[in-house]
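Working notes, beginning with the structure itself.
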Amino acid sequence: MGTCLVSLGMSASPAPAVERGLADFGTGGKSPSGERVDVELVLAVDVSWSMDRSEQEIQRDGYAAAFRNPEVQQAILDGVYGRVAVTYVEWAGTISQSVVVPWTLIDSREAADAFAYQLTTELPDRERRTSISSAIDRIVPMFADNAYDGLRKVIDVSGDGPNNQGRLVTMARDEAVAAGIVINGLPLMTSGGYYSWGSIPDLDRYYSECVIGGPGSFVIPVNDWTQFPEAVRRKLILELAEEWPAGEPETAVVMKAQNSPGIDCAVGERMWLERQNRWRDDVQ
């Protein structure tokens with residue numbers, strides 16, 4: 001993979017999760033008789049301050065709508081075992097990862113509807129900073145600590161900015177892929193051309209080069225919030241199907257891994273350091 005391992009003095013060890021949802025990250029080992037499923041899927045959703053409350057609710061509602069979608073439900077039922085295990089995690093900075101819906105077996109339309117309902121029962125938290133690497137580091141052990149044995153293990157990361165806290169995202173990504181986990185991406189390029197200090201215009205290329213990895217990994221960019229529900233629906237069908245389904249064209253909207261060389265995978269960390277330096281200059 002086109003990794004970009006530039007040392008900027010970030011910590012190499014993941015920080016502990018916040019208290020909310022901590023138990024759901026697991027502490028024990030996986031049972032050797034774990035229930036067989038087609039996919040163990042972690043939905044890892046950014047809730048940093050760069051998104052307002054309404055945008056965060058669009059994310060929750062979009063995932064809920066996707067699991068109610070007949071095509072998504074059929075993709076689950078058409079698998080080898082006809083069932084998947086899914087959990088929904090919200091993340092922001094190094095110490096901000098929360099399990100919103102713990103590992104849930106979805107083996108029927110009713111189970112998919114129930115999972116969707118759980119996503120609508122509480123408001124999302126908002127936290128500071130963006131640490132994709134800490135989210136990955138915190139999520140990877142969840143696959144060993146659940147009660148399922150999947151043919152595939154997938155982390156689905158959505159977010160609106162590059163990693164700017166914790167260790168380099170390429171390091172976390174590469175370790176997850178080495179453990180047999182696929183990481184897919186849903187970069188949220190929804191600023192309408194107005195970029196805050198923590199966002200970048202080519203976030204889709206950053207995700208393609210620096211975040212995703214593993215066999216068949218892909219990115220689906222979202223350029224406007226109106227596109228979000230359809231992007232989530234399509235992404236879930238691609239992740240839950242054994243292979244790229246017939247009728248799902250591989251257009252430019254879906255970017256396969258390693259399509260975009262030349263991206264600085266430490267751009268978020270550099271932007272944060274530059275911001276800190278400006279603050280120091282301002283107070284001197």
Side-chain angles (χ1 to χ4, degrees), residues 1-5 12-14 17 24-45 75-76 78-89 91 97 99 101-107 131-159 163 166-187 206-220 235-245 254-259 265:
M1 284 174 243
T3 58
C4 201
L5 306 181
S13 58
D24 295 315
F25 282 94
T27 56
K30 176 183 284 190
S31 167
S33 58
E35 183 166 2
R36 294 293 183 91
V37 295
D38 293 299
V39 186
E40 298 170 56
L41 175 63
V42 180
L43 305 174
V45 179
I76 295 172
D78 285 345
V80 174
Y81 298 112
R83 54 186 180 266
V84 299
V86 186
T87 180
Y88 189 97
V89 176
W91 60 272
Q97 306 95 32
V99 174
V101 182
W103 284 109
T104 301
L105 179 67
I106 300 179
D107 57 357
S131 184
I132 303 170
S133 59
S134 294
I136 294 172
D137 285 338
R138 185 55 54 187
I139 287 167
V140 166
M142 294 175 66
F143 291 101
D145 294 337
N146 64 28
Y148 302 101
D149 184 5
L151 297 176
R152 288 172 290 137
K153 298 174 176 61
V154 179
I155 301 174
D156 177 353
V157 179
S158 64
N163 196 79
R167 67 172 176 162
L168 291 173
V169 67
T170 47
M171 298 172 66
R173 185 269 312 274
D174 291 349
E175 289 184 15
V177 170
I181 298 167
V182 172
I183 302 176
N184 296 325
L186 192 73
Y206 174 87
Y207 261 67
S208 180
E209 179 68 14
C210 309
V211 177
I212 69 171
S217 57
F218 62 88
V219 164
I220 299 183
K235 176 180 57 61
L236 286 176
I237 290 174
L238 293 175
E239 288 168 335
L240 296 172
E242 276 199 272
E243 56 187 22
W244 289 68
V254 179
M255 302 170 59
K256 293 295 194 66
Q258 313 314 314
N259 276 356
C265 291

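- For the pair S217 and I183, the tightest heavy-atom approach, listed with the atom from each and the gap, is CB-O, 3.4 Å.
- Rounded to the nearest 0.5 angstrom, I181 CD1 and R152 CZ are separated by 14.0 Å.
- Contact check for L43 versus V101: no side-chain heavy atoms found under the 4.5 Å cut-off.
- Looking at every heavy atom in both residues, G213 comes nearest to R173 through CA-CD, 4.2 Å.
- At a threshold of 4.5 Å between non-hydrogen side-chain atoms, the residues V37 and Y81 do not count as touching.
- With hydrogens and angles disregarded, no donor-acceptor distance shorter than 3.5 Å links the side chain of W103 to the backbone of A147.
- Residues L105 and R83 meet the side-chain proximity criterion, which asks for heavy atoms closer than 4.5 Å.
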- Task: Check the pair L238 / K235 against side chain to side chain contact (heavy atoms under 4.5 Å, CB included), numbers first and verdict last.
- Result: CA-CA 5 Å; L238 293 175; K235 176 180 57 61; 5.8 Å; no

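- For the pair N163 and Y206, the tightest heavy-atom approach, listed with the atom from each and the gap, is N-OH, 3.1 Å.
- At least one donor-acceptor pair closer than 3.5 Å links the side chain of T104 to the backbone N or O of P102.
- Between G82 and D38, the closest heavy-atom pair is N-OD2, 3.0 Å.
- If you take CD1 on I212 and CG on D156, they are separated by 11.0 Å, rounding to the nearest 0.5 Å.
- A172 approaches S133 most closely through the heavy-atom pair CB-O, 3.7 Å.
- For the pair R138/V89, no side-chain contact is recorded, criterion being any heavy-atom separation below 4.5 Å from C-beta on.
- The closest donor-acceptor contact from the side chain of R36 to the backbone of D149 lies at 3.5 Å or more, if one exists at all.
- The CG atom of D78 sits 10.5 Å away from atom CG of L240, with the distance rounded to the nearest 0.5 Å.
- Minimum interatomic distance between A135 and Q97 (heavy atoms only, all atoms of both residues): CA-CG, 4.2 Å.
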- Query: T87 and V42: side chain to side chain contact (heavy atoms under 4.5 Å, CB included), yes or no, with the steps?
  - Reply: CA-CA 5 Å; T87 180; V42 180; 3.7 Å; yes

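- Atom-to-atom distance recorded for I106:CD1 and I76:CD1 is 5.0 Å, nearest 0.5 angstrom.
- The shortest distance between side-chain heavy atoms of V39 and E239 does not fall below 4.5 Å.
- Y148 is not listed as a side-chain neighbour of V84, based on a closest heavy-atom distance of 4.5 Å or more.
- Rounded to the nearest 0.5 angstrom, M171 CE and I136 CD1 are separated by 12.0 Å.
- A heavy-atom distance below 4.5 Å is found between the side chains of V219 and P187.
- You'll find the side chain of L186 reaches within 4.5 Å of the side chain of I220, heavy atoms only.
- Panel note: side chain Y207, backbone V157; no donor-acceptor pair is recorded below 3.5 Å.
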